[in-house]
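Here's the structure we're looking at; comments come further down.
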Amino acid sequence: MKINGNEIRPGNVIEHNGGLWAAIKTAHVKPGKGGAFAQVELKNLIDGTKLNERFRASETVERVRLEQNDYQFLYAEGEMLVFMDTGTYEQLELQKDFVGDRAAFLQDGMMVTVESHEDKPIGIKLPDQVVLTIVEADPVVKGQTAASSYKPAVMDNGIRVMVPPFIEAGEKILVDTNEITYLRRAD
């Protein structure tokens, strides 16, 4: 689908210079002299490189629609992660590097969304929040104010996160998988 250069919005995926690029930030500029243009920060979906590009309103770009399919995480086998399409029971294997640091948040049976283009996976979306158990937390230091006294804690998946002083080992907490930060105690 062709769109004008000034219609690019953050989150859009476009075909540009022979690759697939996701728009991260867009700014519309109207200089005093000359025509208006959109300044767009793009990120390559295959290799992760970034690019700043100007698109005039008269230019057209090809907007790409990604297929989004829900998969269930089954297990990790070496460097591979195995997912299953819940509709067709077809299995999909992805490299751990493809998921990145967030692979530690995958739990048995967790539902994820895999984005693909022409049947080639190019992105994965985990749930925004997961419940994890604290296995190790530093003791509270007396005399610190509650506002600034976040302490390091290790969760059951091995990732460290800063938590408030009242959180102890054995407690379940809600963690943001995008920012890798503590949100609140789990219910």
Side-chain angles (χ1 to χ4, degrees), residues 8-13 20-27 39-53 66 68-84 86 92-116 121-187:
I8 298 172
R9 300 283 176 261
N12 287 165
V13 176
L20 289 178
W21 300 82
I24 298 170
K25 292 181 191 166
T26 59
Q39 183 74 36
V40 183
E41 185 180 320
L42 299 168
K43 182 178 180 190
N44 190 310
L45 292 175
I46 308 301
D47 61 17
T49 56
K50 288 192 175 177
L51 172 74
N52 276 320
E53 198 71 59
L66 298 177
Q68 294 187 331
N69 295 317
D70 290 333
Y71 283 85
Q72 184 177 24
F73 175 66
L74 296 178
Y75 56 90
E77 188 177 297
E79 285 300 304
M80 300 302 281
L81 301 171
V82 181
F83 298 89
M84 179 183 69
T86 54
L92 171 70
E93 289 188 0
L94 297 174
Q95 292 276 343
K96 270 189 182 166
D97 296 346
F98 181 80
V99 181
D101 296 341
R102 298 178 316 149
F105 291 110
L106 288 170
Q107 299 168 347
D108 290 345
M110 178 183 278
M111 295 302 290
V112 298
T113 303
V114 176
E115 293 180 323
S116 54
I122 57 171
I124 188 165
K125 191 174 178 190
L126 288 120
D128 291 334
Q129 303 168 351
V130 293
V131 175
L132 294 167
T133 307
I134 298 290
V135 291
E136 184 184 314
D138 291 352
V140 178
V141 177
K142 292 253 184 253
Q144 281 187 327
T145 59
S148 66
S149 63
Y150 273 60
K151 63 183 184 180
V154 180
M155 297 176 291
D156 54 4
N157 63 357
I159 292 185
R160 296 178 76 83
V161 68
M162 297 301 281
V163 297
F166 55 82
I167 299 292
E168 313 253 332
E171 285 193 65
K172 290 188 181 299
I173 61 167
L174 205 60
V175 178
D176 184 317
T177 58
N178 300 313
E179 303 291 323
I180 308 180
T181 54
Y182 164 87
L183 292 172
R184 60 182 165 84
R185 275 185 173 147
D187 300 329

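This structure is a prediction, so every number in the text was calculated from the model and none was measured. We're numbering straight along the sequence, starting at 1.
Counting only residues at least two apart or on different chains, the side chain to side chain donor-acceptor pair (under 3.5 Å) pairs with a member in residues 121-130 are Asp128-Asn178.
At a threshold of 4.5 Å between non-hydrogen side-chain atoms, the residues Ile173 and Arg184 do not count as touching. A heavy-atom distance below 4.5 Å is found between the side chains of Phe73 and Leu81. Ile167 places a side-chain heavy atom less than 4.5 Å from the side chain of Ile134. Proximity of Ser116 to Leu66: side-chain heavy atoms (C-beta onward) are nowhere separated by under 4.5 Å. Annotation: side chain of Pro121 is not in contact with side chain of Glu115 (no heavy-atom distance under 4.5 Å). No side-chain heavy atom of Val154 sits under 4.5 Å from any side-chain heavy atom of Ile159. In this structure the side chain of Phe105 reaches within 4.5 angstrom of the side chain of Ile180, judged on heavy atoms. Taking the side chain as every heavy atom from C-beta outward, Leu126 and Met110 approach each other to under 4.5 Å.
The side chain to side chain donor-acceptor pair (under 3.5 Å) search around Asn157 returns none, not counting sequence neighbours.
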TODO: Please lay out, stage by stage, how Gln95 and Glu79 fare under the test side-chain contact (heavy atoms from CB on, under 4.5 Å).
DONE: CA-CA 6 Å; Gln95 292 276 343; Glu79 285 300 304; 4.2 Å; yes
- [ ] Take Met80 and Lys96 through the test side-chain contact (heavy atoms from CB on, under 4.5 Å) and record every step on the way to the result.
- [x] CA-CA 6 Å; Met80 300 302 281; Lys96 270 189 182 166; over 6 Å; no
TODO: Verify side-chain contact (heavy atoms from CB on, under 4.5 Å) between Val13 and Trp21, making sure each step is shown before the conclusion.
DONE: CA-CA 6 Å; Val13 176; Trp21 300 82; over 6 Å; no
Task: Tyr182/Leu132 under side-chain contact (heavy atoms from CB on, under 4.5 Å): CA gap, chis, key distance, verdict - done: CA-CA 10 Å; Tyr182 164 87; Leu132 294 167; over 6 Å; no
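Rounding to the nearest 0.5 angstrom, the gap separating the CE atom in Met111 from the CE atom in Met84 is 8.0 Å.
Residues Thr113 and Asp70 bring a donor and an acceptor atom of their side chains to less than 3.5 Å of each other.
Scanning both residues, Pro164 and Lys151, for their nearest heavy atoms gives O-CE, 3.7 Å.
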